[in-house]
There are 2 protein chains.
Amino acid sequence: MTVIFSKKCEYGMQAVLYLAANNKDTTKSSDQISRALKIPKEFISKILQSLRNSGLIFSTKGKSGGFGLAKDPSQIKLIDIVQAIDGLEMFNSCVLGFPECSPDTPCPVHDSWGALRTKAFEMLSTETLDQLKDKTLTKIKTLQQE
Amino acid sequence: MTVIFSKKCEYGMQAVLYLAANNKDTTKSSDQISRALKIPKEFISKILQSLRNSGLIFSTKGKSGGFGLAKDPSQIKLIDIVQAIDGLEMFNSCVLGFPECSPDTPCPVHDSWGALRTKAFEMLSTETLDQLKDKTLTKIKTLQQE
DNA sequence: TTTTAATCAGACAATTTTATCTGATTATAT
DNA sequence: ATATAATCAGATAAAATTGTCTGATTAAAA
Ligand code: SF4
Ligand code: SF4
């Protein structure tokens, strides 16, 4: 069972948070990101490539190349990453898996689940990455200690 | 991307809701359930078997056999099905996929996500299946019309 | 200019999830 | 008794997700 988002999306959010938490104008190599977040190097590399294609991050090739944010952290929200990787479909679908999710044909938990999806969307779309910076740094620090 | 629960779990919830919405003491064959919910017959059959092993439903073999609830609908909640199939792990894990999910090492969306998980748990554990019966019947009816 | 260290692209492999098949067993109805 | 219609169990297949490998390209540094 996945918790709402795919591994790709989870890793993507982690990596972009990581980039946002580091000094601007300095890139991080996929190897650094891999070690910091304990994500398989080649896998995060692929994910970062696709995020680059979406325009969320940029990359520089060659020696001392790497990845960095394409915009200022204050211009990016977690929902942007979700949209780029998993899409926004989940915010329009039913927790019980019924097709045709709409108020006209409510599923048995329609009201509660509708409210929840809204809350989840807000969670990902209100705060910007710079606002999440401190907590991100704390979290990453604990990852290293294992 | 899955929306919180696996297909198995979604189908399981649908099927048990379906059983709860039908007359008590009458069983439904996997074929009936399959057609009513538009779920592959062999697949829902497997899922029902495992729910039978969990003691949530019962089955009778042979001609005119089928599946029925092991308890009264007023004694079953959706969370019971989730627990039997996907487990309750998601209610203790991080939406960003960080390991070591705990208040000591909060992820950047700790507070909002914690509240959300609680809400989701409540959604699945407050109402009993008989309370969801009417909405279930409406939803299933619309499935037939396609 | 050569070595080195990085991204990039695409193929490939492993794993997990989802779905199907087959044959045995069971019980009802003819 | 026999045919029928269902569950059951286990193997298998297909699809999706997750993860790895290889070789080409790029650019910095020696
Ligand atoms: S409650 Fe209604 S709108 Fe919400 S997920 Fe279920 S069917 Fe869709
Ligand atoms: S917010 Fe904290 S407790 Fe909640 S999921 Fe993230 S790490 Fe876990």
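Letters A, B, ... are given to chains in the order of the sequence lines, protein chains preceding strands, and every chain is numbered from 1.
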Counting the atoms with a prime plus P, OP1 and OP2 as sugar-phosphate, which does [X] contact under 4.0 Å by heavy atoms, base, sugar-phosphate, or nothing?
X: A:K41; value: nothing
X: B:T60; value: sugar-phosphate
X: A:G62; value: base

query: Hey, does the side chain of A:S30 come within less than 4.0 Å of C:dA6's phosphate (OP1/OP2), counting only N and O?
result: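 Answer is no, no contact under 4.0 Å.
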- prompt: Do any side-chain nitrogens or oxygens of B:R52 fall under 4.0 Å of OP1 or OP2 in D:dT7?
  reply: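 No.
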Whole-Å distance between [N] [atom2] and [X] [atom1]?
X: B:K63; N: C:dT28; atom1: NZ; atom2: C1'; value: 6 Å
X: A:I85; N: D:dT17; atom1: CD1; atom2: P; value: 13 Å
X: A:F58; N: C:dC8; atom1: CZ; atom2: P; value: 11 Å
X: A:I57; N: C:dC8; atom1: CD1; atom2: C1'; value: 13 Å
X: B:F67; N: D:dC8; atom1: CZ; atom2: C1'; value: 9 Å
X: A:E10; N: D:dT18; atom1: CD; atom2: C1'; value: 12 Å
X: B:I47; N: D:dT7; atom1: CD1; atom2: P; value: 14 Å
X: A:L51; N: C:dA9; atom1: CG; atom2: P; value: 13 Å

Please determine, for the side chain of [X], which listed nucleotide ([options]) has the closest atom?
X: A:K7; options: D:dT26, C:dT18, D:dT18; answer: D:dT18
X: B:S29; options: C:dA11, D:dA28, D:dA6; answer: D:dA6
X: A:E42; options: D:dT20, C:dC21, D:dT18; answer: D:dT20

- prompt: Quick one: do the A:T128 and A:Q131 side chains pair a donor with an acceptor below 3.5 Å?
  reply: yes
message: For B:F5 and B:F91, take the angle between the two ring planes, folded into 0 to 90°, and tell me which bin it lands in: parallel under 30, tilted 30 to 60, perpendicular over 60.
response: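 B:F5 vs B:F91 ring planes: tilted.
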Any N/O donor-acceptor pair, B:K46 side-chain to D:dG10 base, under 3.5 Å: yes
- line: Whichever of A:P40 and B:Q49 has the more 5' nearest nucleotide on DNA chain D, that residue is B:Q49
Pair B:F58 and B:F67, ring centroids less than 6.0 Å apart: no
message: Checking the side chain of B:D86 only, and the main-chain atoms of B:S6 only, is there a donor and an acceptor separated by less than 3.5 Å?
response: yes
message: Between B:V95 and A:M13, is there a side-chain heavy-atom distance shorter than 4.5 Å?
response: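 A:M13 does not reach B:V95 side chain to side chain.
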